[in-house]
Amino acid sequence: MTKPIALIDCNNFYASCERVFQPQLMGKPIVVLSNNDGCVIARSNEAKALGVEMGAPWHLNKENFERLGVKIRSSNYALYGDMSARVMRTLRQFSPSLEVYSIDEAFLCLDGIADLENHARDLRKTVAQWTGIPVSVGIAPTKTLAKVANKIAKSDARSGGVFCLMDDGQQIAALKKIGLTDIWGIAHRLALRLQETGMTSPLDLRDVDPKLIRQAFGVTVERIALELRGVPCLEIEDISPPRKSLVASRSFGRPVEILNDMHEAVATYANRAAEKMRKQNLATANIVVFIETNSFRKQDRQYRASQTVNLSVATADSGKITTAALKGLSAIWRSGFLYKKAGVMLLDLVSADHVQGSLFQPTDTLVSKARMQAMDAINQRFGRGTIRVAATGLQASWQLRRNFMSARYTTDWRELLRV
DNA sequence: TCTGGGGTCCTAGGACCC
DNA sequence: TCTGGGGTCCTAGGACCC
């Protein structure tokens, strides 16, 4: 029995947040701008109707917006974060199993709900009453189809903000009407590659043999194809996994040409990143620094590079992180370019509690060592090449191989020999 | 019969998401 | 002149291990 999954998406979230606190903006075209007012990152329906594009550079559209009477707001992420938390709290009333997917989206498991559509309409009404934010609800057997359903809920006025895509016939009809890039996980480049092999619509992708898809496009696209058929490949993750990496980066107001200036910027980002990390009680041993030129300026020579610096001992120390970032910078720095952006990324974050200044060894390394030892032990006991023979299907050795593979879940390789 | 090959780690880069 | 910032996952190739 398939479990219905709902995708709840806040309509024009940032624009809607601004409206909650400035009701005079109701019914007006609004645009929210990115960090340093660089480009459009959110639009109200009215602004969309006027033809305002997502990502439109502010400097090219300033006069145009004024002429059209579009209201402009700089982004206020603290506000949006608070509003998001309110929306999510409200959603929890409607299902115990909820995955917060982004600041303005959540997946909900609606298993056991008899009247899905009514439930969803009730949810919509409650969120609007409690938070002032309008949402759309798409319901389907898989996340990918729920995304499609949500799109319909949003664009088709007759839906009233709720759309169910639970049966096969409806799904086919819906997939016929949309393009490849309307599918979650397929953007420009993948769509081009799919088209080259003759798949021009989501329906084609759905109906091609998944094995062939996997061969040609990898596991990610295979999953998408299966999900389009209604086969769930992506679970609802109601416990959010710990963060794996974090970034501090900015575009420069004017291009940076001098190493000294870049030094300063990178040091600032390294500090900001370290600060963010400590706030979450994390530590890192892998620091990435990256620099890039302005890819919008086709007339300029382009260069982008990144460098990872491994510290082997995880740290939360800003000084060490900054030093590592600057070391990376000197490795990739090339003069003669107009740099537009730079940043510092911290990878493989671990809880700072496990570090405590002592020698840090990632669990993976311990496990892989144990696995190596296990492999040799098996080879020694059963003869060289046992693992290889196992792959050919000998029954006794097959069990060994299975144990061997599951070594990733245990650090005691001795267990492996208990067959 | 074949008789160090299978496996992991690391890194950079691509592609996608909101 | 002026085009965001912060994430995730996957892949491929080479180094390395025993």
Side-chain angles (χ1 to χ4, degrees), chain A residues 9-10 13-14 32-42 53-62 74-75 77 80 84 100-105 147 181 183-193 214 217-224 234 237 241 243-255 269 272-273 276 285-286 288 290 292 294-297 304-310 312 328 332 338 340-349 362 364-365 367-380 383-392 401 404-405 407-408:
Chain A
D9 191 328
C10 301
F13 184 55
Y14 295 172
V32 177
L33 298 177
S34 64
N35 241 346
N36 34 24
D37 290 350
C39 67
V40 172
I41 54 168
E53 298 278 346
M54 188 67 165
W58 166 229
H59 70 273
L60 292 178
N61 288 281
K62 210 166 173 177
S74 294
S75 40
Y77 294 103
Y80 309 149
S84 173
V100 177
Y101 175 66
S102 74
I103 193 163
D104 69 337
E105 279 175 81
K147 278 271 191 182
T181 53
I183 301 296
W184 189 36
I186 298 181
H188 174 66
R189 279 161 212 276
L190 258 179
L192 281 181
R193 283 178 54 209
R214 183 175 194 138
F217 299 96
V219 63
T220 316
V221 182
E222 185 199 19
R223 271 184 214 138
I224 295 173
L234 308 167
E237 293 173 25
R243 173 189 305 285
K244 293 179 178 170
S245 67
L246 65 81
V247 171
S249 75
R250 283 287 181 278
S251 296
F252 303 125
R254 62 185 51 181
Y269 301 151
R272 194 182 300 151
K276 263 197 210 176
N286 281 315
V288 182
F290 64 88
E292 58 191 61
N294 188 347
S295 57
F296 291 104
R297 288 183 60 87
R304 48 195 288 215
S306 73
Q307 173 83 47
T308 308
V309 181
N310 179 273
S312 78
I332 54 175
L338 300 169
K340 177 62 185 167
K341 189 176 176 181
V344 171
M345 202 181 304
L346 307 181
L347 296 183
D348 307 319
L349 299 173
D364 274 3
T365 308
V367 172
S368 81
K369 271 199 185 133
R371 203 189 288 204
M372 290 292 183
Q373 288 170 14
M375 182 162 70
D376 278 355
I378 290 168
N379 279 338
Q380 226 167 50
R384 178 172 287 271
T386 305
I387 302 292
R388 186 158 33 107
V389 174
T392 68
R401 184 176 172 82
F404 177 71
M405 294 312 286
R408 79 169 64 240

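We name chains A, B, ... by the order of the sequence lines, and we start the count at 1 in each one.
- The nearest pair of heavy atoms linking A/Phe290 to A/Ser306 is CB-CB, 3.8 Å.
- Summarising the geometry, the separation between CZ on A/Phe296 and C1' on C/dT3 is reported as 4 Å, rounded to the nearest angstrom.
- Using P as the reference atom, B/dC17 and C/dT3 are 24 Å apart when rounded to the nearest Å.
- Counting to the nearest Å, the P atom of C/dG7 and the CD atom of A/Glu237 are 17 Å from each other.
- With distances taken from any side-chain atom of A/Ser306 to the nucleotides B/dT11, C/dC10, B/dG13, the minimum falls on B/dG13.
- Taking atom CZ of residue A/Arg193 and atom P of nucleotide C/dT11, one finds them 11 Å apart after rounding to whole Å.
- When each of C/dC10, C/dG7, C/dT3 is scored by its nearest atom to the side-chain atoms of A/Leu246, the top-ranked nucleotide is C/dG7.
- A close approach under 4.0 Å does not occur between any side-chain nitrogen or oxygen of A/Lys62 and OP1 or OP2 of C/dT3.
- Backbone-only contact: A/Lys244 has heavy atoms under 4.0 Å from sugar-phosphate atoms and none from a base.
- Across all non-hydrogen atoms, the minimal contact from A/Ser249 to A/Lys341 is OG-CE, 3.8 Å.
- Regarding A/Ile41, its CD1 atom lies at a distance of 18 Å from the P atom of B/dC17, rounded to whole Å.
- For A/Arg250, counting side-chain heavy atoms from C-beta on, the closest listed nucleotide (C/dG6, C/dG7, B/dC18) is C/dG6.
- Among the heavy atoms of the strands lying under 4.0 Å from A/Val219 are primed sugar atoms or P, OP1, OP2 only; no base atom is included.
- At the heavy-atom level, A/Phe13 lies nowhere under 4.0 Å from the strands shown.
- A/Pro255 comes within 4.0 angstrom of sugar-phosphate atoms only, judged by non-hydrogen atoms across all strands, and of no base.
- A/Tyr269 places its OH atom 12 Å from the C1' atom of C/dG4, with the value rounded to the nearest Å.
- Between A/Leu190 and the choices A/Thr181, A/Ile224, A/Val221, the side chain to side chain contact (heavy atoms under 4.5 Å, CB included) rule is met once, by A/Val221.
- Within the 3.5 Å criterion, the main-chain N or O of A/Phe252 finds a donor-acceptor partner in the side chain of A/Lys340.
- Contacts of A/Trp184 with the nucleic acid, taken as non-hydrogen atoms under 4.0 Å apart, involve only primed sugar atoms and P, OP1 or OP2.
- Dashed line: the shortest gap from a side-chain N or O of A/Gln307 to OP1 or OP2 of B/dA12 is under 4.0 Å.
- The nearest pair of heavy atoms linking A/Pro255 to A/Leu338 is CB-CB, 3.9 Å.
- We find that CD1 of A/Ile103 is positioned 14 Å from C1' of B/dC17, with the value rounded to whole Å.
- Annotation: of the two residues near DNA chain C, A/Phe217 and A/Pro57, the 5′-most nearest-nucleotide partner is A/Pro57.
- For A/Arg189, the side-chain atoms get nearest to B/dC16 when compared with the rest of B/dC16, C/dT3, B/dC18.
- Between A/Tyr14 and A/Tyr80, the ring planes are parallel. Angles under 30° get that label, and only those over 60° would be called perpendicular.
- You'll find that the side chain of A/Val247 is closest to C/dG7, out of C/dG7, C/dT3, B/dC17.
- Comparing B/dG14, C/dG7, B/dC16 by their nearest atom to the side chain of A/Leu190 picks out B/dC16.
- If you check every strand for non-hydrogen atoms under 4.0 Å, A/Arg223 touches sugar and phosphate atoms only.
- Here the P atom of nucleotide B/dC17 and the CD atom of A/Glu105 are 11 Å apart, to the nearest Å.
- Across all strands, A/Ile186 comes closer than 4.0 Å only to sugar-phosphate atoms, never to a base (heavy-atom distances).
- Atom CG of A/Leu346 and atom P of C/dT8 are 12 Å apart (whole Å).
- Distances from the side chain of A/Ser249 to the nucleotides B/dC17, C/dG4, C/dG5 place C/dG5 closest.
- Taking both residues in full, the closest heavy atoms of A/Val288 and A/Thr308 are given as CG2-OG1, 3.8 Å, listed atom of the first, atom of the second, then distance.
- Nucleic acid contact for A/Ala248: sugar-phosphate only, since backbone atoms but no base atoms lie under 4.0 Å from a heavy atom of the residue.
- Heavy atoms of A/Gly343 sit nowhere under 4.0 angstrom from any nucleic acid atom.
- In this structure, A/Asp37 reaches neither bases nor backbone, as no heavy-atom distance under 4.0 Å exists between it and the strands shown.
- Side-chain proximity of A/Ala187 to the nucleotides B/dG14, B/dC16, C/dG4 is greatest for B/dC16.
- The residue A/Arg243 sits close only to the backbone: its heavy atoms come under 4.0 Å of sugar-phosphate atoms, none of a base.
- When each of C/dT8, C/dG5, C/dG6 is scored by its nearest atom to the side-chain atoms of A/Ser245, the top-ranked nucleotide is C/dT8.
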Report the C-alpha separation of A/Val32 and A/Val40 in whole Å, then their side-chain angles, then the decisive distance to 0.1 Å, and conclude whether the side-chain contact (heavy atoms from CB on, under 4.5 Å) test is met.
CA-CA 6 Å; A/Val32 177; A/Val40 172; over 6 Å; no
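- Checking the phosphate oxygens (OP1, OP2) of C/dG6, a side-chain nitrogen or oxygen of A/Lys276 falls inside 4.0 Å.
- Contact annotation: A/Ser251 side-chain N/O to C/dG4 OP1/OP2 distance is under 4.0 Å.
- Residue-level contact check: A/Leu60 touches neither bases nor backbone, having no heavy atom under 4.0 Å from any strand.
- When heavy atoms are screened at a 4.0 angstrom cut-off, A/Leu347 is found touching no nucleic acid atom at all.
- Listed pair A/Lys340 / C/dT3 meets the phosphate criterion, a side-chain N or O lying under 4.0 Å from OP1 or OP2.
- Nearest-nucleotide positions on DNA chain C place A/Ser34 closer to the 5' end than the other of A/Ser34 and A/Gly218.
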